[in-house]
Every structure is written in C-alpha cells, then in structure tokens.
Asker: 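To start, I am sharing the structure in question, which I have written as structure tokens.
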Amino acid sequence: MAVPEYVKRIRTFVGHDLLWLPSVSAVVCNEAGELLLGKRADDGRWSVISGFVEPDEQPAEALVREVFEETGVRVAPERVSSVLAHPHTYPNGDRCQFLNIGFRCRLIEGVARVNDDESVAVGWFAQDELPPLDAHARTTIAHALAPATVGAWYAPDSSDLSRDTPE
C-alpha cells in the first residue's frame with residue numbers, strides 16, 4: 001500500500017508509533033476460479049490486493065481504485081466477506097493496526113500486470129496452488145470463498161486471526 005499524504009503528515013508528529021488505519025482487501029476471482037495476488041514491493045511477500053481507504057472515500061470505492069491502481073484490472077465488489085483488525089510493521093519501522101474490510105470481487109475486465117510501484121509482480125493463482133501467504137491474507141481469502149450464506153466474518157478477538165477457515 002502506498003502511503004497516502006495524510007498518513008505521511010501524521011507520521012511527522014508520531015514517528016513510527018502505532019496508527020489505527022482503515023483499509024480494504026480484495027479477493028478477486030476470475031472465470032477459472034483463480035485468485036489475483038500481488039507480490040508486495042515493500043517486503044517481497046505475496047498477498048491479496050489491499051489498500052488504504054482515503055478521506056471522503058467509501059470502502060468499496062477504495063477497493064475498486066486500489067485493485068485498478070495496483071493491477072490494471074477492473075473489478076466489481078460482490079459482498080463484504082470479513083471485517084478484522086491486523087497489525088503491520090513496515091520495513092522502515094512504521095507500525096499500524098489496520099481495520100480491514102475484505103471483499104469478494106469478480107473480474108470485470110483487464111489483464112493483470114504490475115501497474116504501480118507497490119507490487120513487483122501480480123498474477124492469477126489456482127486456489128490449490130497459492131504461494132505462501134500471511135495469516136491475514138489466508139483468513140481474508142478463506143472467508144471470501146466461503147458460501148455467501150455465511151455472511152461477513154469478523155474476529156471476536158485477536159486470537160481468531162490465525163483461524164484460516166470459516167465455521
């Protein structure tokens with residue numbers, strides 16, 4: 001996630017201290033059932049496409065913008081699939097706790113490609129051939145792929161973030 005200007009301004013006052021920030025994550029499925037992932041430029045890990053919700057922006061709007069900015073792909077959010085908080089420490093030492101809204105999305109159009117400096121690679125992966133992912137990405141994917149009748153998932157406490165499958 002590229003750091004928005006308003007967060008950079010806050011960082012001038014708080015340094016590397018913990019910030020509570022809104023974010024969104026997209027679990028994008030194509031017609032073959034493959035998932036769109038990006039390899040992050042900041043830490044080299046594969047993850048779901050995610051980003052900040054900017055001031056005056058709705059979460060679904062932020063999601064569509066972030067996916068396009070990072071991958072060149074246009075998506076349509078189908079449903080909210082998870083709401084959870086997760087910590088992240090950037091390589092420069094900046095600490096944050098994201099309040100993340102996960103969405104299941106469908107591909108509308110576009111060819112996945114690195115579209116900005118936030119990712120070093122993007123690609124479609126079969127669900128049984130995903131690269132190593134952190135707990136947040138695994139949890140977000142599992143709940144987005146769960147039947148829609150399950151509804152949006154939320155973590156009742158921090159320990160539930162490591163639970164990878166919906167009940």
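On a predicted model such as this, the values are computed, not experimentally measured, just so you know.
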Asker: Report the distance from atom CD1 of I108 to atom CZ of F68, rounding to the nearest 0.5 Å.
Answerer: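 Those atoms lie 11.5 Å apart.
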Asker: Locate the shortest heavy-atom distance separating H143 from S82; write the atom from each residue and the value.
Answerer: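 Distance-wise, the nearest heavy atoms are CB-CB, 4.3 Å.
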Asker: Verify side chain to side chain contact (heavy atoms under 4.5 Å, CB included) between V75 and V28, making sure each step is shown before the conclusion.
Answerer: CA-CA 7 Å; V75 300; V28 182; 3.7 Å; yes
Asker: Starting from the C-alpha separation in whole Å, work towards a yes-or-no answer on side chain to side chain contact (heavy atoms under 4.5 Å, CB included) for K39 and S119.
Answerer: CA-CA 5 Å; K39 190 171 188 179; S119 300; 5.8 Å; no
Asker: How far apart are the closest heavy atoms of C96 and L18, and which atoms are they?
Answerer: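 Here C96 and L18 meet closest at C-CD1, 3.5 Å.
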Asker: Mind checking the CG-CZ spacing from D17 to R95? Nearest 0.5 Å is all I need.
Answerer: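 One finds 7.0 Å between CG of D17 and CZ of R95.
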Asker: Work out which heavy atom in C105 is nearest to a heavy atom in L63; give both atom names and the distance.
Answerer: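 For C105 versus L63, the nearest heavy atoms are SG-CD2, 3.3 Å.
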Asker: Compute whether any side-chain donor of one residue and acceptor of the other, for N100 and H86, lie under 3.5 angstrom apart.
Answerer: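 The criterion, which ignores hydrogens and geometry beyond distance, is not satisfied for H86 and N100.
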Asker: Can you tell me how far apart CG (D94) and OG1 (T89) are? Round to the nearest 0.5 Å.
Answerer: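 The distance works out to 9.0 Å.
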Asker: Is there a side-chain contact between E61 and V53 (heavy atoms, below 4.5 Å)?
Answerer: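 Counting from C-beta outward, E61 and V53 never come under 4.5 Å.
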Asker: By the salt bridge (charged side-chain N to carboxylate O under 4.0 Å, His left out) test, which pairs, at least two apart or in different chains, include something from residues 100-112?
Answerer: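 Sorted result for residues 100-112: E78-R104.
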Asker: Applying ring-ring contact (aromatic ring centres under 6.0 Å, His included), can you list everything that pairs with F125, at least two apart in sequence or on another chain?
Answerer: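 Only W46 meet the ring-ring contact (aromatic ring centres under 6.0 Å, His included) criterion with F125.
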Asker: To the nearest 0.5 Å, what is the distance between CG on L36 and OG1 on T71?
Answerer: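 Atom-to-atom, L36:CG and T71:OG1 are 5.0 Å apart.
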Asker: So, for A85 and W20, which heavy atoms are closest and what is the spacing to 0.1 Å?
Answerer: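 It is CB-CH2, 3.7 Å.
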Asker: Nearest 0.5 Å please: distance from the CG atom of L21 over to the CG atom of L99.
Answerer: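 Result: 10.0 Å between the selected atoms.
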Asker: Got a second to check how far S23's OG is from I101's CD1, nearest 0.5 Å?
Answerer: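 Going from OG on S23 over to CD1 on I101, the span is 8.0 Å.
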Asker: Return each pair, listed once, that meets side chain to side chain donor-acceptor pair (under 3.5 Å) where at least one residue sits in residues 124-135; pairs must be two or more places apart or across chains.
Answerer: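 Those involving residues 124-135 are R45-D134.
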Asker: Heavy atoms only: give me the nearest R40-S47 pair and the separation to one decimal.
Answerer: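 Taking every non-hydrogen atom into account, CD-CB, 4.2 Å.
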Asker: Where do S25 and T140 come nearest, in terms of heavy atoms and distance?
Answerer: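 Closest approach of S25 to T140: CB-CG2, 4.0 Å.
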Asker: Can you label the angle between the F98 ring and the Y90 ring as parallel, tilted or perpendicular, going by 30° and 60°?
Answerer: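 Taking Y90 first and then F98, their aromatic rings stand perpendicular (interplane angle over 60°).
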Asker: How far apart are the C-alpha atoms of L107 and V73, what are their side-chain angles, what is the distance that settles it, and do they pass the side chain to side chain contact (heavy atoms under 4.5 Å, CB included) test?
Answerer: CA-CA 7 Å; L107 173 66; V73 168; 3.0 Å; yes
Asker: Is the closest side-chain heavy-atom distance between L37 and V122 below 4.5 Å?
Answerer: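 Not in contact.
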Asker: Would you check if E57 and P55 make a side-chain contact, meaning some heavy-atom pair closer than 4.5 Å?
Answerer: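 E57 vs P55: side chains apart.
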Asker: Would you check, one step at a time, whether the test side chain to side chain contact (heavy atoms under 4.5 Å, CB included) holds for L145 with L35?
Answerer: CA-CA 10 Å; L145 298 179; L35 303 180; 4.2 Å; yes
Asker: Using a strict cut-off of less than 4.0 Å between a Lys/Arg side-chain nitrogen and an Asp/Glu carboxylate oxygen, indicate whether R65 and E69 qualify as a salt bridge.
Answerer: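 Salt bridge between R65 and E69, a charged N being under 4.0 Å from a carboxylate O: yes.
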Asker: Check for a donor-acceptor pair, side chain of E70 on one end and backbone N or O of V67 on the other, with a separation under 3.5 Å.
Answerer: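 Between the backbone of V67 and the side chain of E70 there is no qualifying donor-acceptor contact (under 3.5 Å).
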